[in-house]
Amino acid sequence: MPAALPRIATIVLAQRDNLAFEEAIATLPATPDFCVLAEGKAFECTITNSVTHEDISEALQASGIEADIGIFTSHNRRKKLLICDMDSTLIGQECIDELADFAGVKDRVSEITERAMRGELDFEDALTERVSLLKGLDLSVLQRCYTDRITINPGAKTLCQTMKAHGAKTVIVSGGFTFFTERVAKACGFEAHQANVLLAGSHTLLGTVQMPILGREAKLTAMQRNSQDIGGPDQAVAIGDGANDLAMIQAAGLGIAYHAKPVVAAQAHCAITCTDLRTALYYQGFSEDEFVDAG
């Protein structure tokens, strides 16, 4: 039988802190060999098969160190496809909730959004209901919403630009709306985007979306299609936060739950909970000096 591949633990501190960094290295049940990915911020080390994520987490917590942790094998770390959700992943908002605020129905829509992202509601039905509440909203509100409300999450541009610089495809696949994915893709540098299309009259939204609705299975299909010519889903890193991201996260070679709902965090390969999207690069073994600093 071939020898088991080495297991690598990647640790990314919530705050850059040289003292905590040294304490973290000394605390871990690992071999003496380690690689610094970012001074005072991120490192990785080889661990034995008996060491678990919980072991590392407990050791760090006992020293008061907050960090994100991923455990990987040394095989095929750097992926050839970056495929990301948009709302609450690449951006800090849910676009439909912000549009609902302009329409005066944010509380009602936000409640449905939250339940859908937790996996408690059928995504397609939930989207149809929420969009219906936007009927009559003036089209000018879409640009106002993007300009005034939408913020790109920390590390999103660097993640995209760094992977592009190392030859990866970059794709946004969102259960949100093309009006926003087009602009977020341009702002971050993603090469392609896919989302739902809001239907409109000459001046206002009709309260409907173009069919079929892009949901959980469509995201998985998008990942499979975009990875066909590069070796399949094992070559993809998929990142998202909601239940509709779970199928592509589970099927990807590297599936990351980003500040995610519990149902997603429990089933992803690893999570980002206290750091930002640059951690998806550290998880692939990139060092900070390889990053394309794009903000």
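Just so you know, these numbers use all the heavy atoms, side chains as well, and skip hydrogens, waters and symmetry mates.
For residues 240-290, the pairs satisfying ring pair (Phe, Tyr, Trp, His ring centres under 6.0 Å) are Phe72-Tyr283, His166-Phe286, Tyr282-Phe291, with sequence neighbours left out. Counting only residues at least two apart or on different chains, the side chain to side chain donor-acceptor pair (under 3.5 Å) pairs with a member in residues 99-112 are Asp97-Ser110, Glu98-Lys106, Asp101-Arg149. Pairs of residues two or more places apart, or lying in two chains, never qualify as ring pair (Phe, Tyr, Trp, His ring centres under 6.0 Å) while including a residue from residues 111-144.
Here the CD1-SG distance, from Ile69 to Cys270, works out to 11.0 Å after rounding to the nearest 0.5 Å. The line from CG of Leu205 to CZ of Phe179 is 10.0 Å long, rounded to the nearest 0.5 Å. Atom CD1 of Ile83 sits about 10.0 Å away from atom CD of Gln224, to the nearest 0.5 Å. A distance of 10.0 Å separates CD in Glu66 from OG in Ser57, rounded to the nearest 0.5 Å. Distance CD1/Ile25 to CD/Glu44: 11.5 Å, rounded to 0.5 Å. Here the CG atom belonging to Leu281 is positioned 8.0 Å from the OG1 atom belonging to Thr158, to the nearest 0.5 angstrom.
Residues Leu81 and Ser227 approach most closely at CD2-CB, 4.0 Å, considering heavy atoms. Listed here is the closest heavy atom pair of Cys95 and Ile150: SG-CD1, 3.8 Å. For Lys135 against Leu206, the heavy-atom pair with the smallest separation is CG-O, 3.5 Å. Closest approach of Ala67 and Ile11 over heavy atoms only: CB-CG2, 3.8 Å. Listed here is the closest heavy atom pair of Ala187 and Lys157: O-CE, 3.5 Å. Nearest heavy atoms, Val12 versus Ala42: CG2-CB, 4.1 Å.
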Which is it for Val173 and Asn226 under the side chain to side chain contact (heavy atoms under 4.5 Å, CB included) test, yes or no, and what are the steps along the way? CA-CA 11 Å; Val173 57; Asn226 281 284; over 6 Å; no
Decide yes or no on side chain to side chain donor-acceptor pair (under 3.5 Å) for Thr52 and Asp55, but give the supporting numbers first. CA-CA 5 Å; Thr52 67; Asp55 293 333; 3.1 Å; yes
Audit row: Lys186, Glu182, salt bridge (Lys or Arg N to Asp or Glu O under 4.0 Å) steps and yes/no: CA-CA 6 Å; Lys186 183 177 180 180; Glu182 178 183 6; over 6 Å; no
Applying side chain to side chain contact (heavy atoms under 4.5 Å, CB included), run through Asp229 and Lys169 and close with a yes or a no. CA-CA 11 Å; Asp229 62 341; Lys169 293 182 178 182; 2.8 Å; yes
Thr181 vs Gln194, side chain to side chain donor-acceptor pair (under 3.5 Å): CA-CA, chis, key distance, verdict: CA-CA 7 Å; Thr181 57; Gln194 184 178 349; over 6 Å; no
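Side chains of Thr279 and Asp68: no donor on one and acceptor on the other come within 3.5 Å. Counting only N and O atoms by type, the side chains of Glu290 and Thr162 include no donor and acceptor under 3.5 Å apart. Counting only N and O atoms by type, the side chains of Ser132 and Glu129 include no donor and acceptor under 3.5 Å apart.
Taking the charged nitrogens against the carboxylate oxygens, Glu288 and Arg16 do have a contact shorter than 4.0 Å, which makes a salt bridge.
Lys164 meets the side-chain contact (heavy atoms from CB on, under 4.5 Å) test with Cys160, Gln161, Thr170, Glu191; sequence neighbours excluded. The side-chain contact (heavy atoms from CB on, under 4.5 Å) check on Ala103 picks up Val105, Leu134, Leu137, with sequence neighbours excluded.
With hydrogens and angles ignored, the 3.5 Å screen pairs no side-chain donor or acceptor of Asp234 with any backbone N or O of Gly253.
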List, one per line, each side-chain donor-acceptor pair under 3.5 Å for residues 236-250, sequence neighbours excluded.
unit_1 : atom_1 : unit_2 : atom_2 : d
Asp241 : OD1    : Thr89  : OG1    : 3.3
Asp245 : OD1    : Lys219 : NZ     : 2.4
Asp245 : OD2    : Asp241 : N      : 3.0
Asp245 : OD2    : Gly242 : N      : 3.0
Gln250 : NE2    : Gln267 : OE1    : 3.0

